[in-house]
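Encoded as structure tokens, the structure appears first; notes follow it.
Keep in mind it's a predicted model, so treat the numbers as computed, not measured. All heavy atoms count here, side chains included; hydrogens, waters and symmetry mates do not.
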Amino acid sequence: EESTKRQPSFFEPTMSHRKFEAPRHGNLGFLPKKRTKRHAGRIRSFPKDDDKKEPHLTAFRAYKAGMTHVVRGVDRPGALMHKREVVDAVSILETPPMMVVGVVGYVETPNGLRTLTTVFAEHLSEEFKRRCYKNWYKAKKKAYTKYAAKYEKDGGKDIEHELDRIAKFCTVVRVIAHTQVKKLNLRLKKAHIMEIQVNGGDAKAKVDFAKNLFEKEITVDSVFAQDEQIDVIGVTKGRGYEGVTTRWGVTRLPRKTHRGLRKVACIGSWHPARVSTTVPRAGQNGYFHRTELNKKVYRIGKAGDKASCQTQADLTEKSITPMGGFVRYGEVTNDWVMLKGAVVGVKKRPLILRKSLMNHTKRKHLEAIDLKFIDTSSKLGHGRFQTAEEKDKFLGPLASKQG
């Protein structure tokens, strides 16, 4: 008779009886919910290196401009939506060319990576040097002047020696690159500097690749390609101090509740006589560092291309900037990337685009994108016109414009 009783499995959590089963509200994997110190994003891990490939860069910096929508044809044989058209929301990120100014080598130790040495280029731009100072106009602006002299001394023997050390001892090679913020209309003068890992080839090939990029511009289309899956790293929109219902998604209490209903009814038992860390509480919401995986690149546009939004189905000559500009951003005048869906952060926020960490096999991820139409109507209201010419043609001669 004892054997017929169901014994609790070793893996079953022993819970007290409750009338309804319910998972907890909110994920504890993202604790602590506090404002990030990494305001421009940080790459915590780079894709796995494969020395059989050619040396290439694995990340790029972008600035969020805004969103629009596109119409595309679905190419998924056997699926219900095959050969039909769907409307997708897309994000537009402005990606002015970055400048490579240095290379850094890391050696692997039992405690992780350790910097062996860093080599900088001879000529560094003002926007890079501005980042070295808190107060530029009061500064003597002497940053890297003594370092640049190493290129003159003994024909740059010291520099070559350091590069040889990286090639000889290092397993991980990263370039130091900065954005050209003067090309953006963002009232910024200090460049955003970041390390970008070089993958592919042996250490010597990596160092040669990095050295050849010194003081040269790298464009986003040299790092990413259309239809590629990429990851976006950045800081979410800050929402300040918020209550438990919004911050954790807990259920509202009944309407007749005394002293408010957007609360947690019981924040724990009498003993242990303290509030557990797993209980939802009010506090900071947003402005968190986040990495989002698998954003598909729908299109990469070039600076100055007046017909960058032309498609085979829509031959209108128009660029990506919508009528009246992107709201709270303005005009996109540099290279740009169109990603499927939303990305973290507010407009103008610096984001990092990184190559995907995984090998993609799903048909959805490998699908070639056929854009039929890209919307460029005004984002400030109910946009009716795609271009200024179309608007003029529709409205005819305006009384306000007549002499």
Side-chain angles (χ1 to χ4, degrees), residues 35-43 57 59-65 94-106 113-163 165-166 173-197 210-220 233-235 238 287 289 303 328-330 333-335 345-352:
R35 289 192 296 272
T36 184
K37 293 175 183 170
R38 306 279 182 181
H39 309 297
R42 168 174 177 256
I43 301 178
L57 298 174
F60 205 83
R61 172 78 72 192
Y63 295 86
K64 180 171 175 175
E94 195 166 6
T95 52
M98 294 182 76
M99 194 72 88
V100 175
V101 290
V103 59
V104 54
Y106 292 90
L113 295 176
R114 179 177 72 82
T115 311
L116 181 74
T117 185
T118 308
V119 177
F120 283 95
E122 185 175 1
H123 305 103
L124 304 175
S125 67
E126 186 192 284
E127 46 195 350
F128 175 84
K129 289 180 183 173
R130 273 179 183 269
R131 182 57 70 181
C132 306
Y133 291 99
K134 193 77 178 165
N135 191 332
W136 176 252
Y137 92 97
K138 275 189 181 174
K140 292 181 178 171
K141 307 176 180 52
K142 301 281 282 180
Y144 294 98
T145 49
K146 289 184 178 175
Y147 189 91
K150 288 185 180 181
Y151 279 88
E152 307 297 324
K153 192 179 175 187
D154 298 336
K157 197 181 285 182
D158 196 13
I159 301 288
E160 288 302 323
H161 174 65
E162 291 300 308
L163 288 170
R165 279 183 68 213
I166 295 176
V173 177
R174 296 176 184 167
V175 298
I176 297 170
H178 71 81
T179 55
Q180 301 185 68
V181 287
K182 66 172 184 287
K183 294 197 170 188
L184 296 163
N185 191 21
L186 287 188
R187 299 169 57 203
L188 274 176
K189 291 181 180 176
K190 288 185 184 182
H192 289 109
I193 306 168
M194 63 184 284
E195 285 184 6
I196 303 174
Q197 188 160 306
K211 187 168 183 286
N212 287 335
L213 288 177
F214 274 13
E215 300 174 29
K216 288 183 185 163
E217 288 186 340
I218 47 173
T219 55
V220 69
I233 301 168
V235 178
Y287 207 73
H289 187 281
R328 295 190 178 85
Y329 187 85
T333 53
N334 296 287
D335 297 355
V346 294
K347 315 290 181 294
K348 305 177 185 170
R349 183 150 290 172
L351 304 169
I352 294 174

What is the minimum heavy-atom distance between [X] and [Y], and which atoms define it?
X    : Y    : value
A210 : V175 : CB-CG1, 3.5 Å
A40  : H192 : CB-CD2, 4.1 Å
Y151 : A121 : OH-CA, 3.5 Å
P97  : F60  : CA-CZ, 4.3 Å
V119 : F214 : O-CZ, 3.8 Å
R38  : H289 : CB-CD2, 3.9 Å

Would you say the side chain of [Y] lies within less than 4.5 Å of the side chain of [X], judging by non-hydrogen atoms?
X    : Y    : value
M194 : M98  : yes
H161 : D154 : no
V101 : I193 : no
Y137 : N135 : yes
P96  : E94  : yes

Inset, instruction - Scan L184, T95, T219 and name whichever one has a side-chain contact (heavy atoms from CB on, under 4.5 Å) with N334. - result: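 The option that passes is L184.
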
Legend entry - Pair R131-H178, side-chain contact (heavy atoms from CB on, under 4.5 Å): steps then yes or no: CA-CA 10 Å; R131 182 57 70 181; H178 71 81; over 6 Å; no

Inset, instruction - Give me the ring orientation class for F120 and Y147: parallel if the planes are under 30° apart, tilted from 30 to 60°, perpendicular past 60°. - result: perpendicular

Pairwise distance [atom1]([X]) to [atom2]([Y]) - rounded to 0.5 angstrom:
X    : Y    : atom1 : atom2 : result
T115 : R174 : OG1   : CZ    : 8.5 Å
L116 : Y106 : CG    : OH    : 11.0 Å
L188 : K182 : CG    : NZ    : 13.0 Å
I176 : L213 : CD1   : CG    : 13.0 Å
Y287 : R35  : OH    : CZ    : 9.0 Å
E162 : T117 : CD    : OG1   : 3.5 Å

Treating [X] as the side-chain partner and [Y] as the backbone partner, does any N or O pair qualify as donor plus acceptor under 3.5 Å?
X    : Y    : answer
R349 : V235 : yes
K190 : V181 : no
E215 : E122 : yes
R61  : A177 : no

Legend entry - NZ/K141: more than 12 non-hydrogen atoms of other groups inside 6.0 Å: yes

Inset, instruction - Show your working on side-chain contact (heavy atoms from CB on, under 4.5 Å) between K153 and D158 and close with a plain yes or no. - result: CA-CA 8 Å; K153 192 179 175 187; D158 196 13; over 6 Å; no

Inset, instruction - Begin from the C-alpha positions of K157 and E160 and carry the test salt bridge (charged side-chain N to carboxylate O under 4.0 Å, His left out) through to its verdict. - result: CA-CA 5 Å; K157 197 181 285 182; E160 288 302 323; over 6 Å; no

Inset, instruction - Run the salt-bridge test on E127 and K183 with the 4.0 Å N-O cut-off and return the result as yes or no. - result: no

Inset, instruction - Report the C-alpha separation of Y133 and K138 in whole Å, then their side-chain angles, then the decisive distance to 0.1 Å, and conclude whether the side-chain contact (heavy atoms from CB on, under 4.5 Å) test is met. - result: CA-CA 9 Å; Y133 291 99; K138 275 189 181 174; over 6 Å; no

Inset, instruction - Apply side-chain contact (heavy atoms from CB on, under 4.5 Å) to the pair N185 and Y329, showing each step before the final yes or no. - result: CA-CA 8 Å; N185 191 21; Y329 187 85; over 6 Å; no

